[in-house]
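We use all heavy atoms of the structure for the numbers below, so side chains are in, but hydrogens, waters and symmetry mates are not.
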Amino acid sequence: MTTLGYLPGKHLTPSRTDHSRLPPEAAGLLVRTPVRLRLVEILDVLTNMAKTGRLGPVFSGAEWSGVTAALGEPWDIGTMSRNKEWPRLFAYGDLELSVCRCRKVSLICVQTWRDVVELPPSVVEGTGTFPAGLKHADVVSALDEGDCSWEPYPPLTFDDQCSLVAFPTGANFTFEIPEGEEPVLNVMGLPGDGHDCNAKRRQKLVNICRPSDR
């Protein structure tokens, strides 16, 4: 089973939405929306991602040009290597995408440890803003209700965190365990498609250097 090779930690992200500066009609919508309803919606979004391996146009192996055409330009967090420009990490709110040098989406994560979870409104209903603080019991219940099988994931379970993997996509849910409290979802991620740009490049060089058959 392919597992996540990258689970981003808590790092700097673009400015969060300042709800006090929203237009009155938008601010009112946020106030009037029941928190529990929005909690169910974000759990449904994550469960569907775990079952299908995608969120709208975003999936492992997706062409980056297709993603930006559908969602617009993202915030460029920066390179994931000290010495190379690619792969790079981009963000649409709390949806973070690693893009490889061949311009394909290689890893997908939804950060859920902040005060709210912000996803592209074009691929989710409403404002795209959801409550965070997702409890382990709520996540497991949503997966069960969605007929999405899962099991504990020992490699990412230690000390103050625990993890589970959902099938058939291999989606990973990693939880932080506050002292004396129930585990809270820190990040949900989808594994990469396993392609290796460097391997393709090496093979191309081999083909170039290989003497032609006579």
Partners meeting salt bridge (Lys or Arg N to Asp or Glu O under 4.0 Å) with Asp44 (sequence neighbours left out):
none
If the threshold is 4.0 Å, N to carboxylate O, is there a salt bridge linking Glu176 and Lys135?
no
Phe130: ring-ring contact (aromatic ring centres under 6.0 Å, His included) partners, not counting sequence neighbours:
none
Is any side-chain heavy atom of Leu46 less than 4.5 Å from a side-chain heavy atom of Leu185?
yes
Thr68 vs Pro74 side-chain heavy atoms within contact, under 4.5 Å:
yes
Decide yes or no for Leu190 and Thr169: does some side-chain heavy atom of the first lie under 4.5 Å from some side-chain heavy atom of the second?
yes
Describe, in one word, how the ring planes of His136 and Trp150 are oriented to each other, choosing from parallel (under 30°), tilted (30 to 60°) and perpendicular (over 60°).
perpendicular
Heavy-atom donor-acceptor pair, Ser141 side chain to Ala137 backbone, under 3.5 Å:
no
Hey, does the side chain of Asp94 reach the backbone of Glu118 with a donor-acceptor pair shorter than 3.5 angstrom?
yes
Minimal non-hydrogen separation, Gly126 against Pro121, with atom names
O-CB, 3.8 Å
Would a single hydrophobic cluster contain both Val140 and Met188, if residues Ile, Leu, Val, Met, Phe, Trp and Tyr are joined by side-chain heavy-atom contacts under 4.5 Å?
yes
Would you mind reporting whether Leu164 and Glu151 have side-chain heavy atoms less than 4.5 Å apart?
no
Atom of Asn186, atom of Gln111 and distance for their closest heavy-atom approach:
O-OE1, 3.9 Å
May I ask you to test the Leu107-Leu97 pair for a side-chain heavy-atom distance under 4.5 Å?
no
Say whether Val184 and Trp113 are linked into one hydrophobic cluster, either directly or through other cluster members, by side-chain heavy-atom distances under 4.5 angstrom.
no
So, Tyr92 side chain and Gly72 main chain: donor-acceptor pair closer than 3.5 Å or not?
yes
If every non-hydrogen atom of Gly146 is compared with every non-hydrogen atom of Lys51, which pair is closest and at what distance?
O-NZ, 2.8 Å
Any side-chain heavy-atom pair of Ile177 and Cys162 under 4.5 Å:
yes
Separation between OG1 (Thr112) and CZ (Phe175), nearest 0.5 Å, reads 8.0 Å
When you look at Val124 and Leu55, which way does the side chain to side chain contact (heavy atoms under 4.5 Å, CB included) test go after all the steps?
CA-CA 9 Å; Val124 295; Leu55 178 64; 4.3 Å; yes
If every non-hydrogen atom of Thr47 is compared with every non-hydrogen atom of Ala142, which pair is closest and at what distance?
OG1-CB, 3.6 Å
Does Val45 reach the side chain of Val123, with side-chain heavy atoms less than 4.5 Å apart?
no
Donor-acceptor check, side chain of Thr157 to backbone of Ser163, threshold 3.5 angstrom: yes or no?
yes
Under 3.5 Å, side-chain donor or acceptor atoms of residues 56-64 against the rest of the protein: list the pairs with distances, not counting sequence neighbours.
| from | atom 1 | to | atom 2 | distance (Å) |
| --- | --- | --- | --- | --- |
| Ser60 | OG | Pro191 | O | 2.6 |

Can you check whether Thr129 reaches Val117 side chain to side chain, under 4.5 Å on heavy atoms?
no
Would a distance-only check, ignoring hydrogens and angles, find a side-chain to backbone donor-acceptor pair under 3.5 Å from Arg103 to Arg101?
yes
Donor-acceptor pair, distance only, cut-off 3.5 Å: does the side chain of Thr174 make one with the backbone of Val187?
no
